[in-house]
Amino acid sequence: MSLRCAGDIDTRSLEEMFINLDPIQAGGRLTSEAMKAVIAYADGYSVCDNCQKPARLDAISKPPLATFHKDLAAFVEMDEARLMPGARRGFQAVASSFVNPGDPVLVTSYCHYTTFVAVEVAGGVVYEIAASPDHYSTPDMVAERIEEVIAKTKRTPALLFLEEVDYQYGNVHPVKEMAAVAHQYDIPVLYNGAYTVGIKEVSGADFGVDFVVGSGHKSMAAPAPSGFLATRAEYADVVFRTSKVHGDLTGRNFPVKEVELLGCTLMGNTSVGMMASFPHVKERVKHFDKEVARANKIIDALLSIEGMEVVSEYPRKHTLTRMNSEKCFDPIAKKHKKRGFFLISALRERHVTGIIPGSTKVWKMNSFGLTDRQADWVADAFLEIAEAEGLHVNR
């Protein structure tokens with residue numbers, strides 16, 4: 001019998017009961033400080049207790065959200081930042097500010113679906129940059145695609161979306177060099193840091209990008225939905241422009257409200273939870289090399305199972321990894337009474353979870369945030385399952 005919070009809502013105990021390898025959850029586990037802040041500011045407009053003119057989230061000093069906005073910009077070495085309800089709303093704000101109907105917009109072949117939707121909302125036309133057979137985007141591919149798009153549309157792309165680390169393979173792409181190519185054509189560049197900001201050190205200035213988008217709930221130990229958009233000073237007045245509309249009858253206007261943010265964004269525990277985790281997040285990015293070492297320890301163990309393949313670049317440079325077990329776990333699934341669910345079932349028996357249930361061909365996992373002991377436990381769990389099912393393991 002499960003414990004319930006209220007009514008039919010079960011109490012979530014997954015993080016307490018299992019080692020969770022879910023790719024989208026690893027970097028979003030709240031700190032204890034954030035947990036306390038979330039409870040204290042759980043009421044809807046809790047951060048608005050001391051809101052004064054100008055009535056805007058980035059001006060609230062108690063709790064210190066005004067300072068937090070400045071700290072976020074400094075964290076990624078950009079000039080201005082605003083809290084957003086997730087990275088996707090950062091994409092949308094930039095696309096709506098720079099893309100006109102019919103404008104071509106460049107994205108990578110591994111961009112998130114919300115990039116497509118953000119461009120679609122703005123009326124733009126998506127053009128994808130090709131990827132190499134080993135799942136990389138390169139500066140030459142960017143240049144080639146820009147020339148193709150200009151030749152086809154007679155327009156220079158209005159915007160380029162880039163990922164340093166993509167969500168499909170967790171591969172690391174040469175953002176700095178690709179951004180430099182785009183700037184030769186005066187194309188603004190948005191850096192999607194959903195899997196990097198809060199995970200590893202990120203410098204928008206060093207990358208030479210115009211916008212940095214981060215995800216609080218994916219990579220900054222924050223409640224959902226949360227994230228931020230940072231920009232260079234050159235574009236701040238565009239993407240953070242304020243309202244110019246006047247009511248035709250009353251003459252009312254709202255000149256301090258920022259249009260792309262619809263005024264304010266994170267009014268309660270999302271903003272304070274993100275802020276409460278921030279000191280921990282700033283410290284943990286300095287130790288990303290240890291996170292990658294743990295990821296490689298797990299992958300090395302998996303590769304000792306005959307037939308297992310790593311689809312992502314190897315050795316790993318990030319903790320998000322795509323595996324292919326078509327030659328080892330999948331043949332077992334075809335005969336097992338639990339079919340494809342045997343793997344997640346066996347993992348959960350060993351207090352490991354996060355692999356998509358039913359997946360025994362190609363699947364992803366993210367080891368970010370594990371301790372050395374937990375990484376060893378995960379590695380042993382996979383090896384025990386393989387040996388129990390009669391697979392050869394080269395220990």
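Heavy atoms only: backbone and side chains are in, while hydrogens, waters and symmetry mates are out. Keep in mind the model is a prediction, meaning the values are calculated, not measured.
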Exam field: side chain Ser219 to backbone Gly27, donor-acceptor pair closer than 3.5 Å: no

CG (Asp237) with more than 12 external heavy atoms under 6.0 Å: no

Hydrophobic cluster membership, Val107 vs Met141, 4.5 Å side-chain cutoff: no

Gap between atom CG of Asn50 and atom NZ of Lys62 - 0.5 Å precision: 5.5 Å

Test item: Met323 and Ile355 side chains (from C-beta on) under 4.5 Å apart, heavy atoms: no

Derivation and outcome, ring pair (Phe, Tyr, Trp, His ring centres under 6.0 Å), residues Tyr195 and Tyr167: CA-CA 7 Å; Tyr195 280 98; Tyr167 82 102; 7.1 Å; no

Heavy-atom side-chain contact between Val47 and Val272 under 4.5 Å: yes

Qualifying residue for ring-ring contact (aromatic ring centres under 6.0 Å, His included) with Phe211, from Tyr191, Tyr235, Phe161: Tyr235

Under 3.5 Å donor-acceptor, Arg350 side chain and Leu347 backbone: no

Steps toward side-chain contact (heavy atoms from CB on, under 4.5 Å) verdict (Arg232, Met78): CA-CA 6 Å; Arg232 292 197 296 117; Met78 298 293 276; 3.7 Å; yes

Distance-minimising heavy-atom pair for Ala95 and Ala118: CB-O, 3.6 Å

SB check Arg395 Glu387 (cutoff 4.0 Å): yes

Which side-chain N or O atoms in residues 290-298 pair as donor and acceptor under 3.5 Å with protein atoms at least two apart or in another chain?
{"residue": "Glu291", "atom": "OE1", "partner": "Gly369", "partner atom": "N", "Å": "2.9"}
{"residue": "Arg294", "atom": "NE", "partner": "Leu370", "partner atom": "O", "Å": "3.4"}
{"residue": "Arg294", "atom": "NE", "partner": "Asp372", "partner atom": "OD1", "Å": "2.9"}
{"residue": "Asn296", "atom": "OD1", "partner": "Arg316", "partner atom": "N", "Å": "2.7"}
{"residue": "Asn296", "atom": "ND2", "partner": "Val292", "partner atom": "O", "Å": "3.3"}
{"residue": "Asn296", "atom": "ND2", "partner": "Arg316", "partner atom": "O", "Å": "3.1"}
{"residue": "Lys297", "atom": "NZ", "partner": "Asp376", "partner atom": "OD1", "Å": "3.2"}

Flag side-chain contact, heavy atom, 4.5 Å: Ser271 against Leu65: yes

Hphob cluster co-occupancy, Val259 + Leu229, side-chain heavy atoms under 4.5 angstrom: no

Beyond-backbone contact of Glu260 with Arg82, side-chain heavy atoms, under 4.5 angstrom: no

Nearest-0.5 Å distance that lies between atom NZ in Lys327 and atom CG in Asp330: 12.0 Å

Derivation and outcome, side-chain contact (heavy atoms from CB on, under 4.5 Å), residues Cys111 and Asn192: CA-CA 9 Å; Cys111 73; Asn192 173 7; over 6 Å; no

Side chain proximity check, Phe342 to Phe329, heavy atoms < 4.5 angstrom: yes

Test item: Thr153 side-chain N/O and Val149 main-chain N/O as donor-acceptor pair under 3.5 Å: yes

Residues Asp134 and Ser132: side-chain donor-acceptor under 3.5 angstrom: yes

Over all atoms of both residues, closest heavy-atom pair of Ala131 and Ser109: N-OG, 3.9 Å

Pairwise side-chain contact, Phe207 with Val212, heavy-atom cut-off 4.5 Å (strictly under): no

Nearest non-hydrogen partners of Val239 and Ser97, listed with the distance: CA-OG, 3.6 Å

Check: Ser359 main-chain N/O paired with Lys361 side-chain donor or acceptor under 3.5 Å: no

Spatial distance of atom CZ (Arg348) from atom CG (Leu343) [nearest 0.5 Å]: 10.5 Å

Separation between CZ of Arg88 and CE of Met84, rounded to the nearest 0.5 Å: 12.0 Å

Distance-only donor-acceptor check, side chains Asn324 and Glu326, under 3.5 Å: yes

Closest non-hydrogen atom pair between Leu83 and Thr265, with its separation: O-OG1, 2.8 Å

Members besides Leu30 in its Ile/Leu/Val/Met/Phe/Trp/Tyr cluster (side-chain heavy atoms under 4.5 Å): Met35, Val38

Stepwise salt bridge (charged side-chain N to carboxylate O under 4.0 Å, His left out) test for Lys200 and Glu164: CA-CA 11 Å; Lys200 62 187 290 292; Glu164 182 187 4; 3.0 Å; yes

By salt bridge (charged side-chain N to carboxylate O under 4.0 Å, His left out) - contacts of Glu306 (at least two apart): none

Salt-bridge contact Lys36-Glu33 (side-chain N to carboxylate O under 4.0 Å): no

Considering all heavy atoms, the nearest Ala224-Thr270 contact: O-CG2, 3.6 Å

Pairs where residues 214-233 contributes a residue and the test ring-ring contact (aromatic ring centres under 6.0 Å, His included) is met, not counting sequence neighbours: none

Donor-acceptor contact below 3.5 Å, side chain Arg339 vs main chain Lys334: yes

Atom NZ of Lys257: over 12 foreign heavy atoms under 6.0 Å: yes

Joint cluster assignment, Ile356 & Leu21, ILVMFWY side-chain distance < 4.5 Å: no

Shared hydrophobic cluster, Val105 / Ile146 (ILVMFWY, side-chain heavy atoms < 4.5 Å): no

Backbone N/O of Arg322 and side chain of Ser312: donor-acceptor pair under 3.5 Å: yes

Any donor-acceptor pair under 3.5 Å from Arg56 side chain to Val256 backbone: yes

Reported NZ-to-CE distance for the pair Lys282 and Met220, which is rounded to 0.5 angstrom: 10.5 Å

N/O donor-acceptor pair under 3.5 Å between Arg241 side chain and Val238 backbone: yes

Residues which pass side chain to side chain donor-acceptor pair (under 3.5 Å) with Asp103, listed by chain and number, not counting sequence neighbours: Arg155

Flag, side chain of Asn20 to backbone of Glu15, donor-acceptor distance under 3.5 Å: no

Residues forming a side chain to side chain donor-acceptor pair (under 3.5 Å) with Thr108, sequence neighbours excluded: Glu163

Distance (rounded to the nearest 0.5 Å) between Leu303 CG and Tyr314 OH: 5.0 Å

Side chain proximity check, Val378 to Phe382, heavy atoms < 4.5 angstrom: yes

Residue pair Val189 / Met178, side-chain heavy-atom distance below 4.5 Å: no

Joint hydrophobic cluster, Val125 plus Leu106, side-chain heavy atoms closer than 4.5 Å: yes

Among Glu128, His173, His135, side chain to side chain donor-acceptor pair (under 3.5 Å) partner for Tyr110: His135

Donor-acceptor contact present, side-chain Asn366 to main-chain Pro23, <3.5 Å: yes

Nearest heavy-atom neighbours spanning Thr31 and Ser277: OG1-OG, 2.8 Å

